[in-house]
Participant: 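Got a structure for you, questions after.
Below, all heavy atoms of this structure are taken into account, side chains as well, without hydrogens, waters or symmetry copies.
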Amino acid sequence: MKGLHPIENGYWLLIDKPAGWTSFDVVAKVRGITRIRKAGHAGTLDPMATGLLVLGLGKATKLLHTGLEGGKSYEADVKLGLASPSCDLDAEWTFDTFVPRFESARIENALQQIQSRGYQVPPMVAALKKQGQPLHKLFRKGLWLELDERPVTIDELEILEYAPEFNRVRLKIAGGGGLYVRSVARDLGLLLGVPAALTALRRTSVGPWSIEEATDLKSFEERWPEEGYERIHTG
C-alpha cells in the first residue's frame, strides 16, 4: 500500500496532511482506522499547513525521534504587507497594508542574509516552552515574551515565484530541525521594511521520505481493510 512501510511489529505511515487538521487529529483518525493503539507522529505541522506527516504505528513509535534523522523541506507562500501576531493566517486578526513593488534581486539578497545568519528567533506561536508552558499557550492568553535566538541551519532558501501584483513570494526552504518557516516570513518582511506573514505552507520531505511517497487519509481508509497488513497487537 502506498505510504505504508512495515517494520518489525510496526509501520511507518506517510500521510499527506490536509489543511485544517492538527497533527494529533491525523493520529487519532489513523488509530480509528487501524485499531492500532500505539501511534504517534514526527514533526508537528500546524493546522493551516499541508504535506508530509510521518506517523509511527506499533513499535515504530519508539523510533520517531531516532529513526528520522535528517532535514525537512517546504514550499511556502509569504505575503508582503500582511501583518499578523502569529506570523501566519491562524490569528485573531490580520492587517493588510500597501507595499511597494520590490525588485527580485532585493528579495533574493534578504533571503541570503536570513540563510547565512545561523540563528533564528522563534515565533510566539510555537511548541517551545517558556516558564514551563508552551509558547503558543502563553500567546493565546495574551502574553508576549522576549525570546532568545536559537541556532538553526537553513540549507536552501530560494524564490520559486514572485507575484508583485499580489505581493506574494513563493519560497523553497530546506533545513535542519528547529527551523520555523513563519520566522523566515517575518524576517523577510523586516529586512524589506514591511510586515510579512505566511499564507500557505506545504512540507515536501522529512528525512529520507518525500511527499510523493505519501497517501491521503481517504485513500488510506478505503484501502486498509483490503490491502493493509495483518494488524499488530501492541498490548
Participant: Check for me, please, whether Ile159 and Val184 land in the same ILVMFWY cluster - side-chain distances under 4.5 Å, paths through other members count.
Facilitator: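 Ile159 and Val184: one cluster.
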
Participant: Let me confirm one number: the CZ-OG1 distance from Phe220 to Thr215, rounded to the nearest 0.5 Å.
Facilitator: 8.0 Å

Participant: Mind checking the CZ-CG spacing from Arg150 to Leu179? Nearest 0.5 Å is all I need.
Facilitator: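 Going from CZ on Arg150 over to CG on Leu179, the span is 11.5 Å.
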
Participant: Inspect the contact between Asp46 and Arg182 and indicate whether a charged nitrogen and a carboxylate oxygen are less than 4.0 angstrom apart.
Facilitator: yes

Participant: Using the salt bridge (Lys or Arg N to Asp or Glu O under 4.0 Å) rule, pick out the option among Glu161, Glu75, Glu156 that qualifies with Lys172.
Facilitator: Glu156

Participant: To check you understand the geometry: which heavy-atom pair defines the closest contact between Leu55 and Val30, and what is its length?
Facilitator: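 Heavy atoms of Leu55 and Val30 come nearest at CD2-CG2, 3.7 Å.
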
Participant: Under the side-chain contact (heavy atoms from CB on, under 4.5 Å) rule, what do Leu53 and Thr44 come out as? Steps first, then yes or no, please.
Facilitator: CA-CA 8 Å; Leu53 185 67; Thr44 300; over 6 Å; no

Participant: Show, in sequence, the C-alpha distance, side-chain angles and deciding distance for Ser73 and Thr204, and conclude whether the side chain to side chain donor-acceptor pair (under 3.5 Å) test is met.
Facilitator: CA-CA 6 Å; Ser73 60; Thr204 55; 2.8 Å; yes

Participant: How long is the gap from NZ on Lys218 to CZ on Arg223, to the nearest 0.5 Å?
Facilitator: 13.5 Å

Participant: Hey, can you pull the donor-acceptor pairs under 3.5 Å for the side chains in residues 99-113, sequence neighbours left out?
Facilitator:
unit_1, atom_1, unit_2, atom_2, d
Arg106, NH2, Leu192, O, 3.3

Participant: Hey, is Asp88 close enough to Lys79 for a salt bridge, meaning N to O under 4.0 Å?
Facilitator: no

Participant: Donor-acceptor pair, Arg170 side chain versus Leu160 backbone, under 3.5 Å?
Facilitator: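 Looks like no, no N/O pair under 3.5 Å.
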
Participant: With a 4.5 Å limit on heavy-atom distance, are the side chains of Lys17 and Thr22 in contact?
Facilitator: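 Side chain of Lys17 against side chain of Thr22, heavy atoms only: no contact under 4.5 Å found.
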
Participant: Could you check if a side-chain atom of Asp216 sits within less than 4.5 angstrom of a side-chain atom of Ile15, using non-hydrogen atoms only?
Facilitator: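 Counting from C-beta outward, Asp216 and Ile15 never come under 4.5 Å.
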
Participant: Given the rule in the salt bridge (Lys or Arg N to Asp or Glu O under 4.0 Å) test, do Glu149 and Arg117 qualify, once you have shown the distances and angles that lead to the verdict?
Facilitator: CA-CA 11 Å; Glu149 298 169 351; Arg117 283 175 176 169; over 6 Å; no

Participant: Give the intermediate values and the outcome of side-chain contact (heavy atoms from CB on, under 4.5 Å) for residues Leu82 and Thr199.
Facilitator: CA-CA 9 Å; Leu82 179 65; Thr199 57; 3.7 Å; yes

Participant: Could you pull out the closest heavy-atom pair between Leu45 and Ala49, with the gap in Å?
Facilitator: CD2-CB, 4.0 Å

Participant: If you take all heavy atoms of Gly56 and Thr61, which pair is closest and at what distance?
Facilitator: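 Here Gly56 and Thr61 meet closest at O-CG2, 3.1 Å.
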
Participant: Would a hydrophobic clustering, with Ile, Leu, Val, Met, Phe, Trp and Tyr connected at side-chain separations under 4.5 Å, put Tyr162 with Ile114?
Facilitator: yes

Participant: If you take all heavy atoms of Gly58 and Ile36, which pair is closest and at what distance?
Facilitator: N-CG2, 3.8 Å

Participant: Between Val169 and Leu171, is a side-chain contact (heavy atoms from CB on, under 4.5 Å) present by the stated rule, with each step listed?
Facilitator: CA-CA 6 Å; Val169 184; Leu171 302 174; 3.6 Å; yes

Participant: Please name the pair of heavy atoms, one in Ala76 and one in Leu198, separated by the smallest distance, quoted to 0.1 Å.
Facilitator: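 Closest approach of Ala76 to Leu198: CB-CD1, 3.7 Å.
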
Participant: Is there side-chain contact between Leu217 and Trp21, with at least one heavy-atom pair below 4.5 Å?
Facilitator: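 Yes. Closest side-chain heavy atoms under 4.5 Å.
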
Participant: How far does CD of Glu158 sit from CD of Gln115, to the nearest 0.5 angstrom?
Facilitator: 9.0 Å

Participant: Rounded to the nearest 0.5 Å, what's the gap from CE on Met1 to CH2 on Trp224? Could you check?
Facilitator: 6.5 Å

Participant: Report the C-alpha separation of Leu52 and Leu14 in whole Å, then their side-chain angles, then the decisive distance to 0.1 Å, and conclude whether the side-chain contact (heavy atoms from CB on, under 4.5 Å) test is met.
Facilitator: CA-CA 7 Å; Leu52 183 58; Leu14 312 181; 3.9 Å; yes

Participant: Side-chain contact test, heavy atoms from C-beta onward, threshold under 4.5 Å: evaluate it for Gln120 versus Tyr180 and give yes or no.
Facilitator: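 Gln120 vs Tyr180: side chains touch.
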
Participant: Kindly give the heavy-atom pair with the smallest separation between Lys59 and Glu8, and that separation in Å.
Facilitator: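 That closest heavy-atom pairing would be CB-O, 3.7 Å.
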
Participant: With a 4.5 Å heavy-atom cut-off, do Glu213 and His5 have their side chains touching?
Facilitator: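 In short, these two side chains touch, coming nearer than 4.5 Å.
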
Participant: Could you tell me whether the side chain of Trp12 reaches within less than 4.5 Å of the side chain of Leu64, counting heavy atoms only?
Facilitator: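 In contact.
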
Participant: With clusters defined by side-chain heavy atoms of hydrophobic residues (ILVMFWY) lying less than 4.5 Å apart, directly or transitively, does Val54 cluster with Ile7?
Facilitator: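 Yes; Val54 is reachable from Ile7 via cluster members.
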
Participant: NZ/Lys72 to CZ/Arg203 distance, rounded to the nearest 0.5 angstrom?
Facilitator: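 Here the rounded value is 6.0 Å.
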
